[in-house]
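Have a look at the structure below before the remarks.
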Amino acid sequence: MKPNEIFKELKVHFGEEITELVENPSSDTYISVKPEKIDEICRFLRDNDAFKFDFLTLLSGLDLKEKLGIVYHLYSMELKHRLVLKTEVPKDSPNLPSLVRVWRTADWHEREAFDMFGINFQGHHNLIRILCPYDWEGYPLRKDYKEPEEYHGNRVPY
Amino acid sequence: MGLLNRLNDPIGLDGIIFGTVEDLLNWGRSKSDWYLQFGLACCAIEFMAVNASHFDMMRYGCIPRSSPRQADFVIISGTVTLKMADRLKRVYEQMAEPKYVIAMGSCANSGGPYWEHGYHVLKGVDRILPVDVYVPGCPPRPEALQEGLILLQKKIRMEEIFRKRKRLAEEDLANQMNYK
Amino acid sequence: MSEKKYIDIEFSQLDSERMRLFMGPQHPSTHGVLQLEVELDGEIVTDLIPHIGYLHRCFEKHAENMTYPQIIPYIDRLDYISSMNNELPYVMGLEKMLDIQVSEKVEYIRVIFSELNRIANHQIAIATFGLDSGAFTPFLYYFRDREMILTIFEKASGGRLLYNYFWVGGLAADVHPTFKEDITEAIRIIRDTNAEILNLLLKNKIFIDRTANVGILPADIAISYGVTGPILRASGIPLDLRKAEPYSIYERFDFDIPVGNGEVGTVGDCWDRNIVRFREMEESCKIIEQALKTFPSQGDVRENVPKRIRLPKGEIYCKAENPKGELGFYIISDGKDKPERVKVRAPSFVNLSALPEMSRGYMFADLVMILGSVDIVLGEVDR
Amino acid sequence: MEEANFVFNMIGENWIAFAIISLLPMIFLLAYALIAILGELKISAFIQERLGPMRTGPWGIIQPVAEVVKLLQKEDITPDSANKPLFNLAPFIMFAASYAGFAVIPFSSYFVPSGINLGLFFLLAVGSLGIIGLLMGGWASNNKYSLLGGLRAVAQIVSYEIPAAMVILTIAVMAGSLDLQEIIRQQSGWFWNWFVFGGSGGWIKIIFLPFSFIMCIIYIIASLAETNRTPFDIPEGESELVAGYHTEYSGMKFAMFFFAEYANMFIVSAIITIIFFGGWNSPFGDFMGGPIWGVFWFVSKAFVFVFLQIWLRWTLPRLRVDQLMYVSWKVLLPFSFVCFLALSLLVMLK
């Protein structure tokens, strides 16, 4: 199934929630959605027999200067098609629903996005840092991140 | 150092007998190096390769131990991150004296390729541990690590035991006098 | 008085004290610097929390500050056991965005080297798994043979472990003149050793007892956890990107996808995961042999390498079948010579997240085997 | 029964003789430990296509000496939270238990440190004493790995004592004695008189040959478990429990454990030699017989089994705890019962 067909189908079901279909000849096509009902959209994509997106390949956070972006790469084992969903949250209140109950693999991916960008996935059962130490400060992959001078008595910069 | 802690300081007897005893003790320590099985990153694979049949670390008398208590030296093979630094220090402190450290690879020496933007990388393991031998390379070739091992053994062979104890005792005495 | 007197014992209330055991970061069988917080009821694992990040080397931060070719050495250091495979999806993604067509010879060398590296990776995986089960000798046999593969790589690229060999638009250097003979000899020896290991380790009664029916991962749970690679195939799902979405020149070769079928136990147990890896080595040998037959020896491997790489604005998700699973790079370019963001889909990271699910309810000794069968590389898990 | 001890014959029964007798096995043990450690290193290297230690003396043959010199110098750590008396006592108990076993080992027809007529029983009893040291060390270390290792070791050794005891009981029935010298003497003559081939007797024993052979295998398996060697090395399984019960030990105390392990290896090999392979008897009748050659035959037979243990260690993977128990209780024990009955029948028929 091509992304534009999926886009049409989603538009029918979710209307306003689905913003646009971005097509670019040299790069991947993606569907932009609003963050509020992302879990419902994903559940629909997973359970609908026409899509069967049973596999969350990748969940990545992005720093878009003013906003934070979250990108979902989906894959269907059975129908062998892929889909990219993109959503944005404001930097001062980066909240959106968690997908842990849709795909269990989202657990660690979301923790990583929280660790690196400070995106707050609501409904996640264990949203703590995963790669950095638990008492680390700041969100390292944000563009305005300054690395700390010292951590536990060890100098960080060279 | 085990038995040596109980030996009285043989001050004034640093002649032939104690020189020979010192040589024997150093020989034992240099020829029987048990290392801690401790892989950190990419270098650990080369370290395993040195361990394996093709290069065979046991030729030098190096036997793997998995408990730090029984190890004589530790090879820091790879990048030490800040999260790891505390643990590494603790592992080092758990080792029994006399203990040695080989820093293997650029990351352990100085942070390696991660020195500039690595916000979570410790820039050189010598910031937390005393390093005896540095082996450069990213990762070092097995031959380089073998060279490092031989260097470490040479270093152990040339160590002072009794004279050092005498000197330390003198320094200690002097410090106490100054303090008073 | 006829009423039988008995003490009503609720076994759930007879809970003995649980022990919390921290395995790692310094532990012989955590394959690097992984920490597992294990809750034990006697010897039974009741809960398991992996603590990762002890090797978090900030790859994604580095990628944002490096030009595109400079990132390749860092990609080598992600999964440092299979560096050639790591480079492949990245350079393929950039070539797709830049619209560069690489020559036939380059494609062949890439495929041959990727498959050789897959063999080397699986050798380490099975070797260390044997080590976890207490068999020390197969580990050394495999490491002995692995040196041959490393020598072939070294002759071509100059590096033993980390190569920086696949460049955007070509390769760093041409292969060594004795390339074909070296590989033919290596494959012969690999097959010999494999036959030996099959008898020594994989068909050993004790080994089968230890691994069969242990750490079962059913297919539906595997998919929900996003598990890929040999672990997913061991659960009975023949998903291999080389067949499902052929990239490079894989569609020209004839090979099978080994799947776990529960020969000695249940589908998706530790033994299946190992035998899948073991059989994949043979498939890789088949691919290499076919590729060597039609290998075009003429041509310059660096003719299409661009002088300067400046990607058009856009984004791409490029993926390939790594020995550990689906390795993907999500590259976003804003038109400069440095990427806006490079996100890695690390197969080990995702596979490791299924570990608690796999190991709950098994014994502590089994936990070691299950962890070994997942075949993680911490450089990739923590990036 | 004549006195079988050349020291008493030479200098009479005085305290010097007792001192010499009690030290002789120690000298042997020290020499043996060095050889066994070197053997372990070199045999493992040979199996794994390596060279093993090469740079300590010619072909590394004085490597074990270097190990000892090194271990003497190592810092002796007693962890702060450990139970100090027990922690320090454990290696000594462990070593004393294995050394006590040497008291009754008949090295030759002319030398046995203590010729008690309950030798077999004594070995069984003293052999179990080492477990206390193991558990003590494991528990007193206050380390979770050590505790798990100690508990596993106890469970394992206690279970495997039973099939081993059954085998020894059978031998006692066959020999009609618990005196080790007497058991060996009954196996004199050619090698088919050994108990592994059913002992001396008429052709009727051929029917029972499989049973005695199975008995021997049962004992070898049980002895592997008692010495914590692969495939039963789960108490110190490196990949699971770091170093098991001796995780926290360093320096000389660790060396004691190490030493005791090798001493145990020799003791079980010696028991196998005594009860199944004719002890100090020459396999070929009177060929190379006599007390001096007896030492040679005894030690070389025992070394074959030490070699077997080392060989198995570098070949086989490790079992799991429950599988280990399964082997002991459901396989070895029933088999040993059946063999016991069969061999008792043989004794009746003889």
Side-chain angles (χ1 to χ4, degrees), chain B residues 1-7 20-38 49-73 91 93-100 146 149-150 153-154 156-157 159 161-162, chain D residues 37-38 40-42 44-57 59-80 82 87 141 143 145-146 149 236-255 257-258:
Chain B
M1 289 196 280
L3 186 73
L4 295 187
N5 284 343
R6 279 164 230 151
L7 276 183
T20 319
V21 170
E22 199 172 276
D23 280 351
L24 177 73
L25 295 178
N26 281 342
W27 170 81
R29 264 182 303 137
S30 70
K31 288 298 181 190
S32 152
D33 274 338
W34 295 2
Y35 62 91
L36 185 64
Q37 280 186 348
F38 191 18
V50 178
N51 215 334
S53 306
H54 207 84
F55 298 96
D56 190 13
M57 219 149 132
M58 207 182 271
R59 282 188 295 140
Y60 307 93
C62 299
I63 298 172
R65 293 306 310 179
S66 25
S67 166
R69 300 274 188 216
Q70 295 143 18
D72 297 315
F73 73 96
V91 166
E93 279 158 6
Q94 280 176 344
M95 286 166 63
E97 292 278 351
K99 52 192 173 187
Y100 306 93
Q146 285 175 330
L149 281 174
I150 293 169
Q153 293 189 339
K154 271 189 189 162
I156 298 173
R157 283 294 280 276
E159 248 176 27
I161 299 175
F162 297 115
Chain D
I37 292 169
L38 182 71
E40 176 106 51
L41 296 175
K42 280 289 183 184
S44 70
F46 177 73
I47 290 174
Q48 295 160 354
E49 303 201 8
R50 294 185 287 127
L51 288 172
M54 283 301 279
R55 296 167 68 95
T56 321
W59 290 283
I61 53 170
I62 47 172
Q63 180 69 34
V65 181
E67 313 277 2
V68 172
V69 173
K70 195 275 309 271
L71 280 170
L72 276 172
Q73 300 173 67
K74 284 296 271 186
E75 184 188 2
D76 209 357
I77 296 177
T78 308
D80 219 22
F87 184 83
S141 300
N143 178 323
Y145 291 116
S146 301
E236 46 188 308
E238 266 195 354
S239 56
E240 295 150 29
L241 298 182
V242 187
Y245 54 86
H246 55 65
T247 305
E248 292 285 342
Y249 284 92
S250 67
M252 266 328 275
K253 275 183 258 164
F254 167 69
F257 273 122
F258 205 61

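No hydrogens, no waters, no symmetry mates; every other heavy atom, side chains included, goes into these values. Just so it is clear: chains get the letters A, B, ... in the order the sequence lines come, proteins before strands, and each one is counted from 1.
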Notebook entry, point to check: Relative to chain B, which of Pro79(D), Gly60(D), Pro53(D), Ser44(D) shows the most heavy atom pairs under 4.5 Å?
Noted result: Pro53(D)

Notebook entry, point to check: Is any side-chain heavy atom of Asp56(B) less than 4.5 Å from a side-chain heavy atom of Met54(D)?
Noted result: no

Notebook entry, point to check: Taking the side chain from Ser53(B) and the backbone from Gln48(D), do they hold a donor-acceptor pair closer than 3.5 Å?
Noted result: yes

Notebook entry, point to check: So Trp34(B) and Phe254(D), would you call those rings parallel, tilted or perpendicular, with 30° and 60° as cut-offs?
Noted result: perpendicular

Next item on the list: Heavy atoms only: give me the nearest Lys70(D)-Ser32(B) pair and the separation to one decimal.
Entry: NZ-OG, 3.2 Å

Item checked: Distance in Å, His54(B) NE2 paired with Glu49(D) CD, rounded so as to fall on 0.5 Å steps -> 11.5 Å

Next item on the list: Would you check, one step at a time, whether the test salt bridge (charged side-chain N to carboxylate O under 4.0 Å, His left out) holds for Asp72(B) with Lys74(D)?
Entry: CA-CA 8 Å; Asp72(B) 297 315; Lys74(D) 284 296 271 186; 2.7 Å; yes

Item checked: Non-hydrogen side-chain atoms of Gln70(B) and His246(D) separated by less than 4.5 Å -> yes

Notebook entry, point to check: Can you say whether Met95(B) sits under 4.5 Å from chain D via the side chain, the backbone, both, or neither, judging by heavy atoms?
Noted result: backbone

Margin query: Would you compute the distance between atom CZ of Arg59(B) and atom CG of Leu41(D) and round it to the nearest 0.5 angstrom?
Written below: 14.5 Å

Check: How close do Glu67(D) and Ile63(B) get, heavy atom to heavy atom, and via which atoms?
Finding: OE2-CD1, 3.3 Å

Checklist line | Short side-chain to backbone donor-acceptor contact, Gln63(D) and Lys31(B), under 3.5 Å | finding: yes

Notebook entry, point to check: Of the backbone (N, CA, C, O) and the side chain (C-beta and beyond), which part of Leu51(D) lies under 4.5 Å from a heavy atom of chain B, both, or neither?
Noted result: both

Note to self: So for Glu248(D), is it side chain, backbone, both, or neither that comes closer than 4.5 Å to the heavy atoms of chain B?
What the structure shows: both

Checklist line | Ile150(B) portion near chain D, given a 4.5 angstrom heavy-atom threshold | finding: side chain

Margin query: Heavy-atom cut-off 4.5 Å, strictly under: side chain, backbone, both or neither for Leu71(D) against chain B?
Written below: side chain

